Protein chains: 2
Amino acid sequence: MPKSYPAPARFPVTVDVVALTVSEDVLKVLLITRLIEPFRGALALPGGFVLAGEDLMTAAGRELAEETGVEQIPGYLEQLGSYGPKGRDPRGDVLTVAHLLLAPNFPVLSAGSDAEHAAWYPVSQVLEGELKIAFDHERILADALERAKSKLEYSPLGAAFCGEEFTIAQLRAVYEAVWGTRLDPRNFHRKATGTPGFLEDTGKMTTGDAGRPAALFRLAQVARPSAGQPTPTVLNPPLMRPRGDA
Amino acid sequence: MPKSYPAPARFPVTVDVVALTVSEDVLKVLLITRLIEPFRGALALPGGFVLAGEDLMTAAGRELAEETGVEQIPGYLEQLGSYGPKGRDPRGDVLTVAHLLLAPNFPVLSAGSDAEHAAWYPVSQVLEGELKIAFDHERILADALERAKSKLEYSPLGAAFCGEEFTIAQLRAVYEAVWGTRLDPRNFHRKATGTPGFLEDTGKMTTGDAGRPAALFRLAQVARPSAGQPTPTVLNPPLMRPRGDA
DNA sequence: TCAAAAGTGTTCAGCATACACCCATGT
DNA sequence: ACATGGGTGTATGCTGAACACTTTTGA
């Protein structure tokens, strides 16, 4: 017999979701107002306890649906990382598995009167300290933002922020909002349309806006998150964000 | 009062460690022979249950030390991701948080007679199915390898596989083993020594080997994992791996 | 006719690649 | 002397950045 082992502890496990979207050219995160202790009344990432027999992704999707009132959440969901279990919840040791959702700007229903109030808040307001959020959620948000930034470089998931069909300018606005930089419209256009396996021309054009009509694109078949690969295809070459020197 | 919530389930949580090293120009992973059920007698990643009051990283380090007999494990440890809890352990729902260790080829002590037998095995043998490992550890290893490959591009952590001081050729061997490609020695030399914030010349030279003596380098101060940042500094420009077309 | 936004062409600099070549040691 | 590996110089092609310019709409 092997030596004796300490009794394995059992932990409550939560899933938290950092749902990001771009609206009005600003990167926003979905936050709820907590209705229960701890941090009652404070803002926090949507999330909750994993139930018996449930997988992490499933739990994340369920919590998100419960707290937004939206049945089928659009967008791309992936695991971000785990935090804890030590010293991050006043109730005791709770392990949380954070997830990242890149979504178009879906309308948040504040569901029933006894449900959480969910709304989109500018990410910058949280990370610059203007808006305080509960637990270690600010750190999780910071990690999520970093992940999202690099996702845009190496995967076609920038399009996950847009609707089904979008113009190159709309896509560029996403990149600019997430990266926090300005991009040259001409070079971005060439790069985005020239990257194989990224965009597909729908043949349709916008109309009614100021200026010349823009072509409408959709995400290429091979790049759809749902179509086979759980890991999205890699953009080759990547769409590179300007790297600060120094 | 908010609506009633289902009682949160509590889960046993394990940490698993994918410890990678390069020896004899081959990428190897540390595996143990399991002495207890389930999968008794099979090979598996080192790991075990997280104890009460313990953090994930701490648990990973502790398990690694226990199962290798090495007190202070050298190298760089980071979290990889979480798996489960559903349907990955015959004992029931167990959540595991996988970690990645990039380490020099430290000698594994098979500790006491009642301890696990740990040893280094070529990664390729596992991923090509010649060697079967327990649980969902093959998938975890595959994810770890992918992470390690990209770590080498964007961070100075290739040096984590080498000892304190190393030659450019030794470093190149690491890159070749992890990426599974051949690199031009001349261009690699220029790129590695030319990347700011990566290498520091010790002034010393090798001696006794065949051919011209090589200069010995160490990881630059700013790039040490322990020195401040938990996230290692980013290489800019990155050391790019050859990208397959198509 | 003008403003505004879409999209194309062109130039330039920097870097990855390939490879010729020289250097310094052991045998 | 010669083999072996370390390290430098240099030509070539690709691509990211900058920006002049044309196109197509609404007002």
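Lettering of chains follows the sequences in order, A, B, ..., and the numbering in each one begins at 1. Note that the structure is a prediction, hence the values are computed from the model and not measured.
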Separation of atom NE2 in H189(B) from atom C1' in dG9(D), rounded to whole Å: 14 Å
Atom pair distance, as rounded to whole Å: CZ in F188(A) and P in dT15(D): 18 Å
Which atom of L171(B) lies closest to which atom of A192(B), heavy atoms considered: CD2-CB, 4.5 Å
Salt bridge (charged side-chain N to carboxylate O under 4.0 Å, His left out): pairs with one or both residues in residues 196-205 of chain B, sequence neighbours excluded: E165(B)-K204(B), E200(B)-R218(B)
Atom-to-atom span, CG of L183(A) to P of dA17(D) - whole angstrom: 9 Å
Under 4.0 Å protein heavy-atom contacts per nucleotide of nucleotides 19-27 of chain D, with B for base, S for backbone only and - for none: BB--BBBS-
Closest non-hydrogen atom pair between A19(A) and W120(A), with its separation: O-CZ3, 3.4 Å
Parallel, tilted or perpendicular, as decided by the 30° and 60° cut-offs, for the rings of F217(B) and H189(B): perpendicular
Residues forming a salt bridge (charged side-chain N to carboxylate O under 4.0 Å, His left out) with D55(A), sequence neighbours excluded: none
Nearest-angstrom distance from the residue atom CG of L216(B) to C1' of dA24(C): 15 Å
For the student: nearest non-hydrogen atoms of Y83(A) and L56(B), plus distance: N-CD1, 4.5 Å
dG16(D) phosphate, OP1 or OP2, under 4.0 Å from K191(A) side-chain N/O: yes
Interatomic distance where CD belongs to E153(B) and C1' belongs to dA16(C) [whole Å]: 13 Å
Backbone N/O of R147(A) and side chain of S150(A): donor-acceptor pair under 3.5 Å: yes
Partners passing side chain to side chain donor-acceptor pair (under 3.5 Å) against H137(A) (at least two apart in sequence or in another chain): D16(A)
Pairwise side-chain contact, I168(B) with L199(B), heavy-atom cut-off 4.5 Å (strictly under): yes
Whole-Å distance separating the CG atom of D25(A) from the P atom of dA5(C): 12 Å
Within residues 163-178 of chain A: residues closer than 4.0 Å to DNA chain C (heavy atoms): A169(A), R172(A)
Identified side-chain contact (heavy atoms from CB on, under 4.5 Å) partner of L30(A) from the options I73(A), L64(A), L101(A): L64(A)
Donor-acceptor pair between T167(A) and T206(A) side chains, under 3.5 angstrom: no
Bend angle of the helix from dT1(C)-dA27(D) to dT27(C)-dA1(D), end axes from five pairs each (to 10°): 10°
